[in-house]
There are 2 protein chains.
Amino acid sequence: MEALAQVAALLADRTRAAICGALLDGRAWTATELAAHARVAPSTASEHLTRLIDGGLLVEHRQGRHRYVALAGPHVAELLEAMTSFAGPGPKPRGLRAASASEAMARGRTCYDHLAGKLGIALKSGLLDLGVVTADLTITPSGLVWLKELGFEPSKRQVSRACLDWTERVPHLAGAAGAHLCEVFFERGWIKRIGTTRAVVLTPAGEQGWRELGLTT
Amino acid sequence: MEALAQVAALLADRTRAAICGALLDGRAWTATELAAHARVAPSTASEHLTRLIDGGLLVEHRQGRHRYVALAGPHVAELLEAMTSFAGPGPKPRGLRAASASEAMARGRTCYDHLAGKLGIALKSGLLDLGVVTADLTITPSGLVWLKELGFEPSKRQVSRACLDWTERVPHLAGAAGAHLCEVFFERGWIKRIGTTRAVVLTPAGEQGWRELGLTT
DNA sequence: ACGACACTTCGGCCCGCGCCGAAACGTCGC
DNA sequence: GCGACGTTTCGGCGCGGGCCGAAGTGTCGT
């Protein structure tokens, strides 16, 4: 159980937790961006990043004078969401600005590489109605055909996976299929990020696209 | 991400991690037992237990002058195993005694209320061959019948669930079905604990019983 | 009623570590 | 080459928290 304490210690600091939370958007951030986000000095952030990378939670990608870091993979995102789900919805966020940001996240957001929040739930129930997935988020044979029509190509990565939502407390679609759908939706302009946050909204084009696919919103 | 840091902090201490690890056997321990296990003073253990209970990881059950504590539920066990899996197999245990104990755990152990280790993997592949579960550990309709013949009764709890193994890195059967099978095996004397640890072995009667059920070992 | 025992509370010690600013290093643009 | 900028290293500060022992509370057996 020594190993458990070590990985927990990495996440037990609010600054490091804030960094991981920011990286949950699936993108790579520079060290300075993360320092600003977590409201600490660049030197402090630098040390935290080194620790998180050494611990295997993050990977880095140096480019010129920049140090880009990102989550080490979907498994890290899943661990983070699992722990956040466990802690559950804490006290209501204070202030109008924080409250509306929180509400936007609850409506829809990316969870590393797939959709979560109410939008993720809507996608899941839509896929369920279409027979693409079963109630426990397994892809059906006909569902695989449906996905391939959207350009999905099976790879080594697990096709589908349940990811527990920390706002809705309902499992939603993760894994390669979830990631692919999210990617397609972005490409087609069906969803877009709100500012630079993880929160996303379904665009008018997205509403129409979803209807044409037979998905309910 | 504040919530994440809080739950992580609970597990970030080696003494609290050791306590949780001990409780992963699914039984209730007294405060003194846990203090001895973690090699700290009773007063120290007492404070840790209070924190873990307040954090929702443990539940207590006071009986006379004893304070029994146990994991708050399967979801806690799943979180613990997920985090341990992530950390992965650390450095080899030092010393002959520790090494053989570690090997026994790898062969077979309980993971809160179901089987894990090589024994858990064997059970999973046996159930897969029998068509009781699918490759992603969903119970098939015929599998449900098979389980009911072994006395399984569906309840509110999720029937099946994948739990990632920290020794084998392979998902095995958790959830209500996994717990029921483990219980039945104990009742029939097919498996038994090694000493007072989480490690279990398949008894000769168990080997025969598994064969009769059509399970491979 | 008494002692034994399980557990808790409190005070105090001390180590770990998160923080910063200053300074050094490396890269980029001009 | 030079300055601007992103990043890292280092020293030092201060707080949080894990540890223990001593003393107190409650329960059990006799």
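Keep in mind it's a predicted model, so treat the numbers as computed, not measured. So that the names make sense, note that chain A is the first sequence line, chain B the second, and so on, each numbered from 1.
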Report, as yes or no, whether the 6.0 Å neighbourhood of atom CZ on A:R27 holds more than 12 heavy atoms from other residues, nucleotides or ligands.
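More than 12 within 6.0 Å, yes.
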CZ/B:R193: more than 12 non-hydrogen atoms of other groups inside 6.0 Å
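Enclosed.
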[X] [atom1] to [N] [atom2]: how many Å, rounded?
{"X": "A:L10", "N": "C:dC17", "atom1": "CG", "atom2": "P", "answer": "11 Å"}
{"X": "A:L52", "N": "C:dG18", "atom1": "CG", "atom2": "P", "answer": "10 Å"}
{"X": "B:Q6", "N": "D:dG16", "atom1": "CD", "atom2": "C1'", "answer": "15 Å"}
{"X": "A:L34", "N": "D:dT8", "atom1": "CG", "atom2": "P", "answer": "11 Å"}
{"X": "A:L11", "N": "C:dG18", "atom1": "CG", "atom2": "P", "answer": "12 Å"}
{"X": "A:L49", "N": "D:dT9", "atom1": "CG", "atom2": "C1'", "answer": "15 Å"}

Classify every nucleotide of nucleotides 18-30 of chain D by which part a protein heavy atom approaches to under 4.0 Å, writing B for the base, S for the sugar-phosphate alone and - for neither, in 5'-to-3' order.
SSBBB----BB--
Verify, without hydrogens or angle tests, whether A:H180 (side chain) and A:L150 (backbone) share a donor-acceptor contact under 3.5 angstrom.
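A pair under 3.5 Å: yes.
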Can you tell me if B:T30 uses its side chain to pair, donor with acceptor, with the backbone of B:H66 under 3.5 Å?
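Absent.
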A:I191 versus A:T110: any side-chain heavy-atom pair under 4.5 Å?
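No, every pair of side-chain atoms sits at 4.5 Å or beyond.
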Using a cut-off of less than 4.0 Å, is there contact between a side-chain N or O of A:R67 and OP1 or OP2 of D:dT8?
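True: A:R67 side-chain N/O within range (under 4.0 Å) of D:dT8 OP1/OP2.
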Counting the atoms with a prime plus P, OP1 and OP2 as sugar-phosphate, which does B:T30 contact under 4.0 Å by heavy atoms, base, sugar-phosphate, or nothing?
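The residue B:T30 makes sugar-phosphate contact but no base contact.
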Is it the case that the ring center of B:H114 lies less than 6.0 angstrom away from the ring center of B:H172?
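Yes, the ring of B:H172 comes within the 6.0 Å limit of the ring of B:H114, centre to centre.
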